[in-house]
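Notes for the one structure printed next.
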Amino acid sequence: MMKARNAIALAASLVLLLVAIPFGIQASGRADLYYTLTSVALLSIISAGVWLTFYIGRINIGQGAYALMGGYVSAVLVTRYGFSFWLTLPLAGLFCAAASVLIGLPILRLRGVYFAMVTLVLTEVARLLALALPITNGAKGIVSIPLPGAVRIFGLTLIPDFATLENPRLAFYIMAVIAMVLCFVGMYRLVNSRIGHLCQSLQQNEELASSIGVDIARLRVIAYAISSFLGGFGGAIFASITQSIYPSSFTVADSVNFMLNCFLGGLSYVFGPILGTFVLYFGWDILYSFGDFQLLIFSIILIALMLVLPNGLFSLRLSRSRGEVTQ
Amino acid sequence: MEQVVVNGLYLGAQYALIALGLTLIFALMNVLNFAHGQMYVLGGFVTYTIYGQMKLPFVLALVCSGLTLAVVGAFCEKFLFRPVIRRSKRDESTMLLAAAIAFLLDAVILLLFGEKQRGVPKIINGVFLSDTIVMPYDRIVVGVVAIVMIATFVLYMQYSKTGRAMRALAQDRVAAQLMGVNVERYSMIGFALGAMLAGVVGGLLVTITGISSGIGGPISIKAFMMVMIGGAGVVGGAIAGGFILGMMESVGLTVLREFGDITYLVIFVCLMVFLSIRPNGLMGKPWG
């Protein structure tokens, strides 16, 4: 019963994202929405990583570091070594995951505000490293990264060359949406698996979990590595869409925003990051017409939201349904 | 070498004051005040307006900076943090609120004062010269004022009734309440005091480095680093962290000059290594 419902929900969301929305955009002629929605999809993937670290009871303000790292890994591999973009995607994610294991082993011992502050510093370290390392080309960054190329197996074109398409925006949109759906299906599975339940025990009480035989050190490194994988993955796609990456592409402000996305969607809901990212990104865009007052109104709305709904937007729903994880 | 040490001490005194405010707020309410850097900037702009534009005495400007920020801090605590802390399921929600307040202050500062870098006339002219040290008089004055303020703050926390109440609150909120401490009132005073310190440092430093609307975030990051070095929520730790960071910056800028702009990279990496050995800083209490 549950499985059938899940499958129907998944199919419905795929139809909505891949058929209904492109059709609507075509009909209204607002092609710029593709770029906005692509960004929302990618940012929600990156935010999903932050959400996972929240899930093990850590406040992660360092996701910008991994997004930046992933973007640079993909950009360097494509421009210097002529790798196919599609190959660099998993490589960027894996590179970030490996780096996060090295970084995470010491810093995951920290908790609460200490972890939050050290990850914030990590974002700044990544930016400074990107400025200082020779391979990242300093403040000038890496520009004119080629669009993703074609993927062919036995002469059969699986993915066309993005540069030859008449509408690469649509292609990027489809790619981002598929990645987002895969990411959140994976997250949903993960949270409802054995590991997910164990992660929740970390959130509640690490000592207790450890005393009944949960290997907390391994578990939190795994969760952090998955989180960083998502960060690097999203960052790599971003670099390819904007065809450039600079040390300032992902800064402390972005890291804070990823965290806000999770907060706003609600920390106990797997799909919270999608909603949070959507609301924050579109809210910011809509307020653009207010000119100088954009930031003022935006922050006032944020504060008001916090006062009215301190537990996130998803907490509005009265009934507990599938997406929610009981606290 | 003496020059480097003197510079480090001067920087450290400023930094310690910033960190003291942040650590006080954290100790009392378990809130990581993201808006601390923005409060510093606001204080700087108040002094700029009163001392730089209206040509009133510097001391008056400094007092106004402190008072403005104390009011802002008390307001934030009473109307924003208190209801959110009461109603949210997780402590971390206050971080979102603090970040939103940081955005709000950024926006207000930008609208009121524009994005230009602002400076004010020197408070005292002239430079102190000796065989090994060159130090402008205004920096000496600012450094001495900062050190006097740190000493006053420590004495106040140690011996006044309010200070004792706040220390009790930081140690154990429930126990303090049971002993008859008015928790809500002292939380508000503590928040106001922390914000006031940020404002006063902003007012002091505007005479030397000037002020601009964009530096709030970087100041917050520096404050976080100092608090991490010393340990969150400990007065002594904040002072130590401030002086250590000031010294490292001063030494780094001299020693590492030939390698380019990597001082902060080195400091960050050192901090990471240090924290992996001592997760709670020099004298911090463990979390939870």
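Chain identifiers are assigned alphabetically (A, B, ...) following the order of the sequence lines, protein sequences preceding nucleic acid strands; residue numbering begins at 1 within each chain. Below, each value reflects all heavy atoms present in this structure, side chains not excepted, and no hydrogens, waters or symmetry copies.
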Comparing B:Phe79, B:Phe268, B:Phe34 against chain A, the one with the most heavy-atom pairs below 4.5 Å turns out to be B:Phe268

Next on the checklist: Between the side chains of B:Lys78 and B:Glu184, is the shortest nitrogen-to-carboxylate-oxygen separation below 4.0 Å, so that they form an ion pair?
Outcome noted: no

Between A:Gln63 and A:Ser227, is there a donor-acceptor pair closer than 3.5 Å when you use the side chain of the first and the backbone of the second?
yes

To the nearest 0.5 Å, atom CG of B:Leu28 lies from atom OG1 of B:Thr23 at 10.0 Å

One option among A:Leu305, A:Ile300, A:Leu260, A:Leu302 has the most heavy-atom pairs under 4.5 Å with chain B, and it is A:Leu260

Original post:
Distance-only, no hydrogens or angles: does the B:Arg118 side chain make a donor-acceptor pair with backbone N or O of B:Ser212 under 3.5 Å?
Top reply: no

In terms of heavy-atom pairs under 4.5 Å with chain B, the winner among A:Leu129, A:Ile107, A:Ile301 is A:Leu129

Value for OG (A:Ser47) from CG (A:Asp254), rounded to nearest 0.5 Å, stands at 10.0 Å

With sequence neighbours left out, the residues meeting salt bridge (charged side-chain N to carboxylate O under 4.0 Å, His left out) with B:Arg173 are none

Bottom line for A:Leu120: the part with an atom under 4.5 Å from chain B's heavy atoms is side chain

Bottom line for A:Ala253: the part with an atom under 4.5 Å from chain B's heavy atoms is neither

Checked A:Ile103, A:Leu295, A:Val256, A:Val125 vs chain B; the most non-hydrogen pairs under 4.5 Å come from A:Leu295

Among residues 102-115 of chain B, those lying within the under-4.5 Å heavy-atom range of chain A are B:Phe103, B:Leu104, B:Asp106, B:Ala107, B:Val108, B:Leu111

Whatever's closer than 4.5 Å to a heavy atom in chain A on B:Leu32 counts as side chain

What I want to find out is whether B:Glu77 reaches B:Arg185 closely enough, with some N-O distance under 4.0 Å, to be called a salt bridge.
no

What one should report as the nearest heavy-atom pair of A:Tyr72 and A:Tyr246 is OH-C, 3.3 Å

Taken in chain and number order and not counting sequence neighbours, the residues that satisfy salt bridge (charged side-chain N to carboxylate O under 4.0 Å, His left out) with A:Glu207 are A:Arg111

Whatever's closer than 4.5 Å to a heavy atom in chain B on A:Leu122 counts as both

Bottom line for A:Val118: the part with an atom under 4.5 Å from chain B's heavy atoms is both

Within residues 279-289 of chain A, the residues sitting under 4.5 Å from chain B by heavy atom, in sequence order, are none

So OG of B:Ser187 and CZ of B:Phe81: to nearest 0.5 Å the spacing works out to 12.0 Å

Rounded to the nearest 0.5 angstrom, the CZ-CZ distance for B:Phe75 and B:Phe191 is 12.0 Å

If one checks every heavy atom of A:Phe54 against chain B at 4.5 Å, the contacting part turns out to be both

Ranking B:Ile221, B:Thr94, B:Ile267 by heavy-atom pairs under 4.5 Å to chain A gives rank one to B:Ile221

- Query: Counting only N and O atoms by type, is there a donor-acceptor contact under 3.5 Å from the side chain of A:Ser44 to the main-chain atoms of A:Val40?
  - Reply: yes

CD1 (A:Ile61) and CD (A:Glu124) are apart, to the nearest 0.5 Å, by 12.5 Å

Honestly, the part of A:Asn205 sitting under 4.5 Å from a heavy atom of chain B is neither

In short, B:Ile215 meets B:Tyr40 closest at the heavy-atom pair CD1-CE2, 3.9 Å

Between the CD1 atom in A:Ile56 and the CD atom in A:Gln204, the distance rounded to the nearest 0.5 Å is 13.5 Å

